[in-house]
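Here the structure is laid out as C-alpha cells; the discussion comes afterwards.
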Amino acid sequence: MDKSAVQALFSFGFFFLSFLLLRLTSGRLSGNKKYQARIVRIRREPVKAAPCKQSA
C-alpha cells in the first residue's frame, strides 16, 4: 500500500474516533450543572461599541 494512502486512512480513522469520543462524552457532560453556562451579573450601564474602521 502507498505511504500516503496509509497516512490518509489513519488520519480519517483518528478523526472519526475522536468525533465519536466527543459525542459520547458530551452527552454525559451536558447534564452536569458544573459545565453549564450561568449568568453571573447583569451590567446596568450601556456597553459602548468600538468604532468600525472601513477600509477603502
Side-chain angles (χ1 to χ4, degrees):
M1 223 178 178
D2 186 24
K3 186 178 179 180
S4 296
V6 173
Q7 289 175 344
L9 185 65
F10 273 105
S11 297
F12 284 117
F14 281 116
F15 172 75
F16 288 119
L17 182 65
S18 63
F19 181 76
L20 180 66
L21 188 67
L22 284 172
R23 291 288 293 172
L24 291 174
T25 57
S26 68
R28 194 172 345 133
L29 293 177
S30 66
N32 191 343
K33 293 204 181 281
K34 180 180 177 182
Y35 298 110
Q36 290 182 352
R38 61 187 172 103
I39 297 173
V40 177
R41 98 183 114 157
I42 298 174
R43 296 180 62 161
R44 296 290 179 200
E45 68 275 357
V47 178
K48 295 181 181 178
C52 295
K53 293 183 179 181
Q54 295 180 353
S55 58

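Keep in mind that this is a model prediction, so the values were computed, not measured. Values below: all heavy atoms of this structure, side chains included; hydrogens, waters and symmetry mates excluded. Heads up: numbering here begins at 1 and tracks the sequence.
Residues satisfying the side-chain contact (heavy atoms from CB on, under 4.5 Å) test with Val40, not counting sequence neighbours, are none. A search for side-chain hydrogen bond (donor to acceptor under 3.5 Å, both in side chains) contacts involving Glu45 returns Arg43, not counting sequence neighbours.
Hydrophobic cluster membership of Ile42, counting Ile, Leu, Val, Met, Phe, Trp and Tyr whose side-chain heavy atoms lie under 4.5 Å apart directly or via other members: Ile39.
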Please table the atom pairs, donor to acceptor, closer than 3.5 Å between any side-chain atom in residues 13-21 and protein atoms at least two apart or in another chain.
from  : atom 1 : to    : atom 2 : distance (Å)
Ser18 : OG     : Phe14 : O      : 3.1
Ser18 : OG     : Phe15 : O      : 2.8

